[in-house]
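These numbers come from a predicted model, not from an experiment. Just so you know, ligand 1 is whichever comes first in the structure, and atom 1 is the first atom listed for that ligand.
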Amino acid sequence: MRLSRYFLPILRETPKEAEIVSHRLMLRAGMIRQEAAGIYAWLPLGLRVLQKVGQIVREEMDRAGAIELLMPTLQLADLWRETGRYEAYGPEMLRIKDRHQRELLYGPTNEDMITEIFRAYVRSYRDLPKILYHIQWKFRDEQRPRFGVMRGREFLMKDAYSFDFDEASARLSYQRMFVAYLRIFARMGLRAIPMRAETGPIGGDLSHEFIILAETGESAVFCHADVLNLPIPPETTDYDGDLSSIIQEWTGLYAATEDVHDKARFERETPEGKRIHTRGIEVGQVFYFGEKYSKPMQALITGPDGVERPFQGGSYGVGVSRLVGALIEANHDENGIIWPEAVAPFKIGLANLKVGDAATDKACADLYAAFEKAGVEVLYDDTDDRPGGKFAKLDLIGLPYQVIVGPKGLAEGKVEVKTRATGARESLDLAEAIARLA
Ligand code: ATP
Ligand code: MG
Ligand code: MG
Ligand code: MG
């Protein structure tokens with residue numbers, strides 16, 4: 001992409017309304033624009049990151065055997081009346097009427113709707129287990145939308161739903177999603193810790209929140225320091241095999257959010273030098289809730305004995321848009337964002353320090369063509385901005401590598417490659433630079 005043709009509205013001033021660094025940097029780097037409280041337009045650079053985060057989530061869901069579909073954002077109130085949640089949900093739910101005075105709502109979550117879909121088609125235990133998911137916008141009329149996309153009102157969530165015939169099998173589905181979650185966050189370079197958690201309005205008796213430790217997080221959390229070093233299950237993990245040893249390892253050490261924190265147990269199980277008490281950002285949550293939706297909605301499955309029973313359900317959310325903010329909280333310095341390669345909007349920023357100089361233009365064009373040909377995403381700053389402005393801009397938007405091309409270096413046949421994360425600079429031939437990064 002040539003910057004001269006792109007849409008990257010960088011802000012010079014630090015926006016006053018932004019309280020935390022990720023929100024400030026997303027506004028300054030031209031990733032998002034607030035359209036109303038907690039409602040954002042995703043500008044091109046932000047959208048690229050949002051899509052990469054979503055794609056990692058999708059790949060790991062698919063690997064774990066979940067199947068993607070897409071449900072609408074608007075739902076009928078009557079559906080939610082079947083489970084009693086229309087009344088129970090309270091002011092976080094956005095309620096709407098259409099021209100025929102039919103009551104609708106903008107979905108804050110989808111347990112009721114997926115149960116409706118499931119009961120329309122699936123009758124036999126032979127068709128189970130199944131896990132279905134979608135990546136879709138949600139609306140929750142949060143009391144205090146803040147911190148940019150971290151607590152928006154409209155936000156992008158991946159939500160998966162599991163359907164099993166009995167509790168033992170439902171616990172296996174829960175384990176699969178648990179393991180997939182460990183991999184999702186690790187692939188983004190984040191260490192998310194599964195912590196015992198309250199189930200809230202989703203309901204049920206078993207739940208873990210996946211939490212990234214951060215001072216700016218909204219929940220207080222307590223955990224054993226060693227959970228920070230546990231191994232992440234590999235790509236080759238067999239999701240049809242026995243996952244219980246992974247689950248045991250990850251749930252064996254104390255880790256809990258403040259809602260369910262048990263001080264005596266924490267102190268009993270965790271040596272003093274290993275006790276972490278800090279704050280965290282919830283990036284995902286998994287629930288097992290059994291018959292909570294299938295029973296009131298009469299979503300019945302016939303077993304091998306010919307008897308009908310409600311299916312055993314669970315649900316599994318990931319805050320896709322919140323993750324973009326959380327990633328910046330975990331990866332930045334005083335100059336801007338430092339994207340992990342897996343979610344970077346472009347891998348390389350190519351800076352032409354003297355646009356109009358024939359040799360510099362030619363070297364940049366050759367590099368640009370070589371990177372494009374290799375399928376490497378590159379943002380080519382071909383504008384007539386001053387070199388200092390280009391450096392600041394590239395540091396701010398945080399692309400993993402900068403390739404800096406100017407007449408001085410080219411006189412010796414060299415370009416400079418800067419690694420954003422370390423600041424390390426190398427002087428390389430064009431061919432070396434291409435081989436290194438393509
Ligand atoms: P929170 O405790 O932050 O309000 P929640 O527990 O209400 O979140 P869940 O119902 O568990 O949220 O939804 C699944 C995921 O969706 C959360 O783990 C979080 O990452 C994300 N999420 C929830 N609310 C928001 C929001 N207002 N803005 C952005 N992401 C959100
Ligand atoms: Mg909430
Ligand atoms: Mg929560
Ligand atoms: Mg939650």
Side-chain angles (χ1 to χ4, degrees), residues 20 22-23 26 32 34 36-40 42 46 49-50 53-54 56-57 61 73 85 88-94 106-112 114 133-161 174 177-178 180-182 184-185 188 190 192-204 206-214 216-221 256-261 279-289 292-293 314-330:
I20 61 171
S22 59
H23 189 193
M26 287 183 80
I32 52 169
Q34 183 174 310
I39 300 178
Y40 292 88
W42 288 78
V49 180
L50 186 68
V53 170
I56 290 175
V57 174
M61 283 293 107
T73 52
R85 277 218 289 183
Y89 214 91
E92 258 191 30
M93 180 184 279
L94 180 62
Y106 193 126
T109 177
N110 280 63
E111 284 81 6
D112 314 71
I114 198 80
Y133 77 96
H134 71 163
I135 300 176
Q136 177 61 294
W137 295 93
K138 304 288 185 287
F139 194 95
R140 296 183 185 176
D141 205 350
E142 300 279 352
Q143 170 111 7
R144 241 189 114 195
R146 58 181 187 156
F147 299 161
V149 299
M150 297 255 267
R151 182 165 299 284
R153 292 197 296 164
E154 189 181 40
F155 60 97
L156 190 60
M157 194 203 284
K158 183 285 300 179
D159 38 325
Y161 302 91
Y174 185 90
M177 290 294 103
F178 190 107
Y181 275 38
L182 292 174
I184 285 172
F185 303 117
M188 298 173 196
L190 290 172
I193 301 172
M195 300 198 178
R196 283 186 305 108
E198 201 85 85
T199 54
I202 310 283
L206 173 61
S207 181
H208 289 88
E209 277 174 13
F210 285 73
I211 303 264
I212 291 167
L213 303 186
T216 47
E218 290 184 280
S219 18
V221 298
T257 62
E258 63 187 327
D259 303 336
V260 298
H261 178 53
R279 306 190 70 76
I281 301 168
E282 177 190 334
V283 288
Q285 186 165 9
V286 291
F287 302 89
Y288 165 64
F289 47 67
K292 175 162 192 228
Y293 300 92
S315 73
Y316 314 89
V318 169
V320 175
S321 49
R322 175 177 290 182
L323 271 166
V324 178
L327 277 158
I328 297 175
E329 288 295 319

Donor-acceptor side-chain pairing of S207 and Q285 below 3.5 angstrom: yes
Quick one: pull up CE in M195 and OG in S219 and give me the separation to the nearest 0.5 Å.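 The distance works out to 8.5 Å.
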Starting at CE of M26, measure out to CH2 of W42 and round the result to the nearest 0.5 Å. 4.0 Å
List ligand 1 atoms under 4.0 Å from [X], heavy atoms only on the residue side.
X    : result
V283 : 18 (O), 20 (O)
E142 : 24 (N), 26 (C), 27 (N)
V149 : 29 (C)

Any protein N, O or S atom under 2.8 Å from the Mg ion (ligand 3)? Found E282 OE1
Taking E111 first and then K292, would you say they form a salt bridge - that is, a charged N and a carboxylate O separated by under 4.0 Å?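 So E111 does not pair with K292 through a salt bridge.
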Here the pair of heavy atoms bringing A192 nearest to V283 is CB-CG2, 4.2 Å
Looking at non-hydrogen atoms alone, which of [options] comes nearest to [atom]?
atom                    : options                : value
atom 3 (O) of ligand 1  : R153, K138, E218, R151 : R151
atom 9 (P) of ligand 1  : R322, E92, R140        : R140
atom 27 (N) of ligand 1 : G38, P145, G319, G152  : G152

Mind telling me whether F210 and F185 have parallel, tilted or perpendicular rings, with 30° and 60° as the class edges? tilted
By salt bridge (Lys or Arg N to Asp or Glu O under 4.0 Å), R146 pairs with (sequence neighbours left out) E218
For S321, state whether at least one heavy atom is located under 4.0 Å from any atom of ligand 1. no
Hey, would you say the Y174 and Y288 ring centroids sit under 6.0 Å apart?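 No, the ring of Y174 stays outside the 6.0 Å limit from the ring of Y288, centre to centre.
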Answer yes or no: is there a donor N or O on one side and an acceptor on the other, between the side chain of Y161 and the main chain of N110, under 3.5 Å?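 It does hold such a pair.
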